[in-house]
Every structure is written in C-alpha cells, then in structure tokens.
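These notes are about the structure you will find just below.
What you see is a predicted model, and the numbers here were worked out from it, not measured in a lab. Whatever order the structure lists ligands and atoms in, that order sets their numbers, starting from 1. Basis for what follows: all heavy atoms, side chains included, without hydrogens, waters or symmetry-related copies.
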Amino acid sequence: MATNVTIAPYAATPAELIPAIASNTRATFRTNKTKSIPWRLTQLRKLYWAVTDYTPQLTAALLSDLHKTDYEATLTEIDWVRNDCLFMIQHLEKFAADEKLGSPHVPATFSVMSFRIRKDPLGAALIIGPYNYPVQIILSPLIGAIAAGCTAVMKPSEHTPACAMVLKELIETRLDKNAFAVVNGGIAETTKLMEERWDKVFFTGSTAVGKIIAKKAAETLTPVCLELGGRNPAFITKHANLQLAARRLMWGKTLCSGQVCMSQNYILVDSEVVDSFIEFLKVAYKEMFPNGAKASPDLARIVNKRHFLRIKKMLDDTKGKIVMGGQMDESELFIEPTAVVVSSKEDSMMAEESFGPVFSIYPVHSLDQAINLANSIDRTPLALFSFGNKKENERVLNEMTSGGATLNDAYFHGSCNTVPFGGVGESGSGSYRGQASFDCFTHRRTVATTPNWAESLIRVRYMPYQWKQLKFLTRMTAKKPNFDRNGAVVKGFGYWTGLLLGLGGKGVKGAFLRWLFVLVVVAGMRAQRA
Ligand SMILES: NC(=O)C1=CN([C@@H]2O[C@H](COP(=O)(O)OP(=O)(O)OC[C@H]3O[C@@H](n4cnc5c(N)ncnc54)[C@H](O)[C@@H]3O)[C@@H](O)[C@H]2O)C=CC1
Ligand SMILES: CC1=C(/C=C/C(C)=C/C=C/C(C)=C/C=C/C=C(C)/C=C/C=C(C)/C=C/C=C(\C)C(=O)O)C(C)(C)CCC1
C-alpha cells in the first residue's frame, strides 16, 4: 500500500520551452551516443530501478487518478514495465545484431556481395499517451525507443495528472536528461510538440485524435505508430461454454473498469443460448462482487466527469433492456458493470466505443448474421473474441479483420507483455511489445559490401554493354515459371521431381519415406529386368 508519498501538483510544461526540449533530443541523437549498446543497456537498467524505486509514488498516482488499486497497478502497470525492461535487457544484443542475408533472399550469383540488415535507430521519437494505462503506455514504448537507440520526448495524458507528474520526475531524474524528457499538458502542448520535427511519432489514443496526429505527421512524412480504439465484438455460439464465456468476458469489462481499448463493446450471442448466458453473467458478477460492485475494493473508477457523463448518456439513451447492473454514482465516478440487451446497431450502446464497464448483448440467429453485423459495425476493430467450436472460431478469424484476437477468452492476446500488439485499419497501424517494440523504433537498413576482387564478376553491368555477357548471365541465372497463363501449375519433370523430394515432408520420417520409395522403384525396375 502506498503511504507518505508526495506528488508534485500538476503543471503543464510552458509552451515556449517545447521547441528547445525537442531540439535538445534531436541534437543528442546526432552525438551518436545513444547508438552504443552499453549506453542503451545502462538506460534500460536505470529505468528498471527507477520504476522499482518509484513504485510507491506510481501506485499512489494510479490510485489518485483512476482509483486503480495496488493489485492492478502492480499487475498491469508497474511489474509489467519492470518485466519489459528485463526482457529487453536480456535480448537487446540479439535484436540489435546485424542480420546476414543469404538464400533465398540473395541469389547465389550475388552471394559474394555480402548483404546484411543493419538495425539503425530512427532518431528522436515523440510518445503520446492516453489515460487508461498512464504508466504502462508511456514507459513500454519508451523501452522500445531506448533499446533501438533513439532519444524521446513523452507526453502523458493530462487526464491522469498525478501519473504525469511522477513520470516526469522519474524520467528526468533517473535517465539521461539530454536524451529523454517529459512534456506535460493537453491539446495545446501536444499541438506544439507536433510542430517539431520527429523521426517517429508513437501515439496511443482515440481514432479521432489519431487522425489529427497522422495528418500532421504526413506533412513531414514522419512515420507514425498509431494505437487506437474501436468497437470490439465478441461472438458466442451455441457450442460455447457459456459459464466460462460469461466469467471471462466479465473480467474484460472489470479490469480498469472496462477502460481498456481491447475490451468487448458488444456480444453477439446465439438467441437460443442468450438467456442462459445472461444467467451465467449474473453468477459471474456475484462471484466477483459478493457485496455489489460499488463496495468492491478492487474496481477502478471512471477517469473523470466527462467520461462518466459520456458513458451515462449511452445508458440513458438506450432503447435496450438492462439485464445486469445499471447503478451509477457521479460523486464517486462509479459505474456498475452493466449489460444491456439491444436489437439495433443504431442503439446508443452500439453506436460508439464504450471504453467503460458497460456493454451490449445482441441476440443473433446464426453465425452468418453475427459476422455480417460485426463487419457492418466496425470492419477493423482492435480486437475480437470468439467463443464457439474450433470450426466456428476459425470462421470468425477468417471472415473478420481485427488488430488481434483471442479465442475462448477476453483479450488474452493483449495480456502478455512480450507478444506483438497493434491495430489494423481504423484501430491503428504498427505494433509494439517484446521484439516488436525494438522494431517499431528501428530502421532496417539493407547494406551490401562489394569486395575489390569481384570486379571481373560484375563486369556485365558496365558500359559499353556487351550482349554476349548479358546472355551468358541470363543463361546461368534465369528462372523458369512452373505455371501457365491460367495460373495452373505445369506438371512437368520439375514438378514430379519436387514432389518426390518433398514426399513425407521434412525430418527423419520424410527422408525415410523418400528413400523407401526410391528403393521400391529400383527394386521394381531390377525385378522387371531379371
Ligand atoms: N490501441 C491501444 O493500444 C489503446 C487505445 N486507446 C484508445 O484511447 C482512447 C482513450 O484515451 P484518451 O486519453 O481519451 O485518448 P485521446 O485521443 O483523447 O488522447 C490521447 C492523447 O492525445 C492528446 N490529445 C487529445 N486531443 C488532442 C488533439 N486535438 N490534438 C493533439 N493531441 C490531442 C491527449 O492529450 C492525450 O495525451 C480510446 O479511444 C481507446 O480506445 C487507449 C489505450 C490503448
Ligand atoms: C503458477 C504456475 C503455473 C501456471 C501459471 C498460470 C497459468 C498463470 C496465469 C496467469 C494469468 C492468468 C495472468 C493474467 C494476467 C493478465 C494481465 C497481465 C492483463 C493485462 C492487461 C493489460 C495490461 C491491458 C492493457 C490494455 C491496454 C493497453 C488497452 O488496450 O487499453 C505453471 C506455469 C503451470 C507452473 C509453475 C507454477
């Protein structure tokens, strides 16, 4: 439990300081010191200890900003980031090492030129964060930026002011001051930051603001990673384990009080099982909150009055039927986990992302209808969840696009800090976490080195051109297609040889089958001759 900690009152960074802060990080990048692997490792190690030492302040700030309890603060923010640091420290040298390019990327004729991919840091990065995971979503991308050898400026959400101030102190007192800085503020400060030149902008937030950021970045062709929101569907067929589905989806809407960009906004339930599913939801609620959600010591609150009123309006305007929850208390910014059965995709519960503990249940008569509906509501949600048999789950994956997906659970694909995480289409572009965080801030630069002695080999490229040489090269290197003009594979000698060589697949069993086949054929031919 966090006690006796002081957190500085929120103060926006004076706008006139922003250009100097940005240019300082650009200048530091140009010193090349951030490219040294030992320097990067030192910064990551310092960050690990900074987060460890600032745990009381971070815990207190998360409680103050979101009523996020110690438990969630530890699991999803503080330990998450500490584990991110350790993972990156352990694997950085491997991630940063050059990748040699050989077959099949480089043809045999070019092999003497030695091709490789060098992992270059992109430069100075800007990381803009949202309010729901104010610590994790600033520091996890920062870990990627440090690992890649970038400098960075961070802009935490102004809606989580305590976290923003702790992050500023933690970063600016523990990391290299010239390489890393925090700018605090809201729209005005972010706009000012976006007027600066960056080599990468990493933005997490709403789709609406994501568009503003992407447009501004496009003016200077600055690459962006956009981690945005969306309306995420869950599918429940009559083959689902309803009890588990109810419990797991309840978890999805109770962690951080449902202020999770991946959590389900609506559940498409086969109408034959909808009543049982609702009963199981109520059971799950009772198990999680034996004295009611408001009395629970575990449930976070809505971040502020604006978002409280936004979610309240969704419930006030619905034409659906509340089948679980429904209580609210503005003085505490409390909203009970609430399920509403709806019958129209225009319903207020369906029309926008809920980003809170409320969700809708939409009865459907078939999986066809469910998939069509989901595709018409949001073609590219950040996440989807399917609870059916194997075939049904595969159908959902095959017939819908989404940033990530979890089968038979709520967002487990997004609960592991080392696997890539990102959106697609309107829910974003680019990914991070684990090695993807390193890659996100890295330019994969292809480098070729031509040895002096290769001059006669490469004569063919020089003027005056000599057809004889080109024809010789073509004869040696030209590849023939194994398909005709209709796209059909031509079953010639090459096809049958390939089939024979591939018989039984790779591995010992495959090799044994191939040799067995050859022996049978040879034995047959001998028998014929005898
Ligand atoms: N894909 C992902 O990983 C995640 C996505 N989100 C999404 O974020 C949203 C909730 O977070 P919010 O903090 O409300 O997002 P937001 O988009 O309102 O704010 C995000 C950041 O952008 C800044 N900002 C706001 N308006 C701006 C403007 N007009 N110009 C420049 N900067 C501006 C804010 O100061 C903040 O730092 C939800 O839509 C949620 O789905 C949240 C967490 C994770
Ligand atoms: C105990 C032993 C074993 C088994 C261990 C098992 C099975 C452990 C299971 C742990 C679970 C279920 C952990 C769940 C963690 C959930 C987390 C961390 C969720 C995080 C969610 C986040 C951060 C959400 C973020 C949302 C964002 C960014 C957003 O979208 O807005 C063995 C291994 C079997 C044997 C040894 C002992």
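- Per-atom contact check: atom 36 (C) of ligand 2 does not touch the protein, criterion being a heavy-atom distance below 4.0 Å.
- Between the side chain of Thr28 and the main chain of Asn178, a donor-acceptor pair closer than 3.5 Å is present.
- Only the side chain of Phe412 comes within 4.0 Å of ligand 2, counting heavy atoms alone; its backbone N, CA, C and O stay farther away.
- Within 4.0 Å of atom 2 (C) of ligand 2, not a single protein heavy atom is present.
- There is a protein heavy atom closer than 4.0 angstrom to atom 23 (C) of ligand 2.
- Phe385 places a side-chain heavy atom less than 4.5 Å from the side chain of His413.
- Distance check for atom 7 (C) of ligand 2: every protein heavy atom is found at 4.0 Å or beyond.
- The aromatic rings of Tyr432 and Phe421 lie perpendicular to each other, with more than 60° between the two planes, well past the 30° mark.
- Residue-level proximity to ligand 2 for Asn417 is absent, since no heavy atom of it falls below 4.0 angstrom.
- Counting protein heavy atoms under 4.0 angstrom from atom 32 (C) of ligand 2 gives zero.
- Listed by chain and residue number, nothing satisfies the salt bridge (charged side-chain N to carboxylate O under 4.0 Å, His left out) test with Glu195 (two or more places apart in sequence, or in another chain).
- Checked by atom type, the side-chain pair Tyr133/Gln259 shows no donor-acceptor distance below 3.5 Å.
- Side chains of Lys119 and Thr442: a donor-acceptor N/O pair is absent below 3.5 angstrom, by distance only.
- In the model, Ser257 has no side-chain atom that pairs as donor or acceptor with a side-chain atom of Lys68 under 3.5 Å.
- Residues with a heavy atom under 4.0 Å from ligand 1: Ile128, Gly129, Pro130, Tyr131, Asn132, Ile137, Lys155, Ser157, Glu158, Ile187, Thr190, Phe203, Thr204, Gly205, Ser206, Val209, Ile212, Glu227, Leu228, Gly229, Cys261, Glu353, Phe355, Leu382, Phe421.
- Distance alone, capped at 3.5 Å, is enough to place a donor-acceptor pair between the Thr220 side chain and the Ala217 backbone.
- Taking a distance limit of 4.0 Å, we find that atom 28 (C) of ligand 2 is approached by some protein heavy atom.
- Within 4.0 Å of atom 19 (C) of ligand 2, at least one protein heavy atom is present.
- Between Asn132 and ligand 2, at least one pair of N/O atoms sits closer than 3.5 Å.
- No side-chain heavy atom of Val153 sits under 4.5 Å from any side-chain heavy atom of Ile127.
- Ring-centre distance between Tyr131 and Phe355: below the 6.0 Å cut-off.
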